[in-house]
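Data first, discussion second: the structure below is written as structure tokens.
We count ligands from 1, going down the list as the structure has it; atoms in each ligand are counted the same way. Since the model is a prediction, treat every value here as computed from it, not as a measurement.
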Amino acid sequence: METNKKVFSGVQPTGNVHLGNYLGAFRNWVALQDDYDAIYCIVDLHGMTVPYDPPEYRRTRLETAKVLLAIGVDPDRSLFYMQSQVPHHAELAWILGTITPTGVLNRMTQYKDKLATGAPANLGLYSYPVLMAADILLFRADLVPVGEDQKQHLEMTRDLAERFNNRFAEVFPIPEPLIPATAARVMSLTEPTAKMSKSDPADKSRILILDSADVIMKKVKSAVTDSEPTVRYDTEAKPGISNLLEIMAACTGRSIDDLVSEYHDAGYGRFKEAVAEAIIETLAPIKSAYERLDDREVARILQKGALDARTQAEVYQSEVRRAVGLDQM
Ligand code: TYM
């Protein structure tokens, strides 16, 4: 088995893949393929923890796979598959569940946030972070590229890995999160004190990876800002403008200071146009790569990924089964 350092990350295939997903996580996914053994998983068991429509889910699962391939996830260099096709994720989640105090789950802010937005309380949603820990620990990941909103789940994963190692045997490395310096938490365009999210009912709140140039321009132009007309970075007083500055910095590679000195007195209209253009330029190659993908070829890539992932997972999981006393008689 390989000895390189491992990267694992996942995305829920619930549709509306947006700029926050890209800048907060997927860009790092692509970059890390050069130096790590990368494992990227479409976590379709996680996506079922909120109400969904099965035929629509089939569509968004495939769409999510295509977006990731278009962004640059390379199945020749990375293990790329759907979580539901590798039953070891669910098995490890069960085992980890037996050492997860419910008190720890009660503190998870994402669970509370989801209930607050009307999601029905169910066991799957409640134990979501345990399945996420299983995803990460299954292949013994060292590094997990995610946006800032996943920090608490990562801390819980580290805690579970330590609990397991202390209780049974030194099986799991303790994984580190990798959170980008800029755009770790891209905010909603319509409500810039909340994060940009797939599930916000307002379409204008997010830029989709597959939005056309026209739509991107319109959405950015209608982004909520404030009435003081200078462009400067102040997340408390000017959350809308600060968000646009972060987005533009992440898209262009320029520093926020540099952007502020160029656009300080430019007026919001001109600044917003420049932000929209930077986004359009960043997303255009992804959109055209997406359009060139063939659905059947993508399905084949996923089938091969699942087969490879199952084979590798079986080897890793046998070590866990042995440690907990579930090895074959
Ligand atoms: P998900 O599907 O919500 O999002 C995928 C990735 O995008 C990041 N992200 C953001 N980054 C910056 N700004 C935003 N507004 C924003 N919104 C989302 C997320 O942090 C994430 O990295 N629980 C995970 C899925 C998961 C997972 C895992 C991740 C399941 N198992 C194992 C890593 C490792 C989630 O819901 O991501």
Side-chain angles (χ1 to χ4, degrees), residues 6-30 32 38-50 52 60-61 63-65 67-68 71 73 79 81-84 86 89-90 92-93 96 108-111 113-114 119 124-125 127-158 160-161 175-200 205-209 239 243 246-247 250-251:
K6 289 201 184 58
V7 162
F8 181 94
S9 202
V11 55
Q12 297 190 70
T14 37
N16 289 340
V17 189
H18 56 71
L19 186 66
N21 298 130
Y22 178 64
L23 298 177
F26 302 158
R27 262 203 333 189
N28 274 337
W29 293 23
V30 174
L32 290 163
I39 304 152
Y40 297 130
C41 183
I42 295 171
V43 292
D44 51 359
L45 299 176
H46 279 106
M48 301 167 69
T49 57
V50 291
Y52 73 101
T60 55
R61 284 165 73 232
E63 179 191 270
T64 307
V67 168
L68 291 169
I71 283 170
V73 167
L79 198 51
Y81 66 98
M82 298 254 178
Q83 184 190 38
S84 61
V86 181
H89 286 268
L92 184 55
L96 293 175
M108 292 294 124
T109 55
Q110 209 157 67
Y111 176 66
D113 290 349
K114 288 222 170 130
L125 189 60
S127 64
Y128 177 114
V130 183
L131 180 58
M132 178 162 163
D135 298 339
I136 295 168
L137 300 177
L138 176 60
F139 292 103
R140 319 293 191 253
D142 302 287
L143 195 65
V144 186
V146 281
E148 199 190 61
D149 60 339
Q150 298 302 316
K151 220 169 149 179
Q152 193 187 31
H153 288 160
L154 251 296
E155 277 156 20
M156 198 194 102
T157 302
R158 290 164 58 86
L160 282 184
E176 294 282 344
L178 180 74
I179 296 172
T182 17
R185 187 179 181 82
V186 175
M187 307 306 268
S188 152
L189 298 183
T190 49
E191 203 187 323
T193 49
K195 73 170 179 184
M196 185 177 284
S197 144
K198 292 178 201 148
S199 55
D200 191 321
S205 68
R206 64 187 156 254
I207 305 281
L208 300 182
I209 306 277
N243 187 37
E246 287 232 13
I247 290 174
C251 287

Give the atom numbers and elements of ligand 1 that come within less than 4.0 Å of a heavy atom of [X].
X    : value
S9   : 33 (C), 34 (C)
V144 : 33 (C), 34 (C)
Q12  : 2 (O), 35 (C), 36 (O)
G24  : 11 (N), 12 (C)
I136 : 32 (C), 34 (C)
A25  : 6 (C), 7 (O), 22 (O)

N or O contact, [X] vs ligand 1, cut-off under 3.5 Å:
X    : value
Q150 : yes
V146 : no
K195 : no
G147 : yes
Q110 : no

Original post:
What part of R185, side chain, backbone, both or neither, has a heavy atom within less than 4.0 angstrom of ligand 1?
Top reply: backbone

Taking all heavy atoms of [X] and all of [Y], pick out the closest pair and write down the distance.
X    : Y    : value
S9   : V146 : OG-CG1, 4.0 Å
K198 : R206 : O-NH1, 3.2 Å
A250 : A183 : CB-CB, 3.8 Å
L32  : L178 : CD1-CD2, 3.8 Å

Would you find a donor on one side and an acceptor on the other, under 3.5 Å apart, between the side chain of [X] and the backbone of [Y]?
X    : Y    : value
R185 : G147 : no
D44  : S84  : yes
N28  : A25  : no
Y40  : W29  : yes
H89  : L131 : no
S205 : S188 : no
E148 : A184 : no

Subject >> H153 and Y128 aromatic ring geometry - parallel, tilted or perpendicular at 30°/60° bounds >> reply: tilted

[atom]: nearest protein contact (heavy atom, Å):
atom                    : result
atom 17 (N) of ligand 1 : H18 CE1, 3.5 Å
atom 20 (O) of ligand 1 : D149 OD1, 2.4 Å
atom 4 (O) of ligand 1  : N21 ND2, 3.3 Å
atom 31 (N) of ligand 1 : D135 OD2, 2.7 Å
atom 28 (C) of ligand 1 : M132 CG, 3.4 Å

Heavy atom to [atom], shortest distance: which of [options] holds it?
atom                    : options                : value
atom 23 (N) of ligand 1 : W29, Y128, F8          : Y128
atom 13 (N) of ligand 1 : N243, L23, T49, V186   : V186
atom 16 (C) of ligand 1 : G47, S197, G20, C41    : G20
atom 2 (O) of ligand 1  : K198, R206, E246, M196 : K198

**OP:** Tell me, please: is M187 in heavy-atom contact with ligand 1, that is, under 4.0 Å?
**Re:** no

Subject >> Heavy-atom side-chain proximity of H18 to V186 below 4.5 angstrom >> reply: no

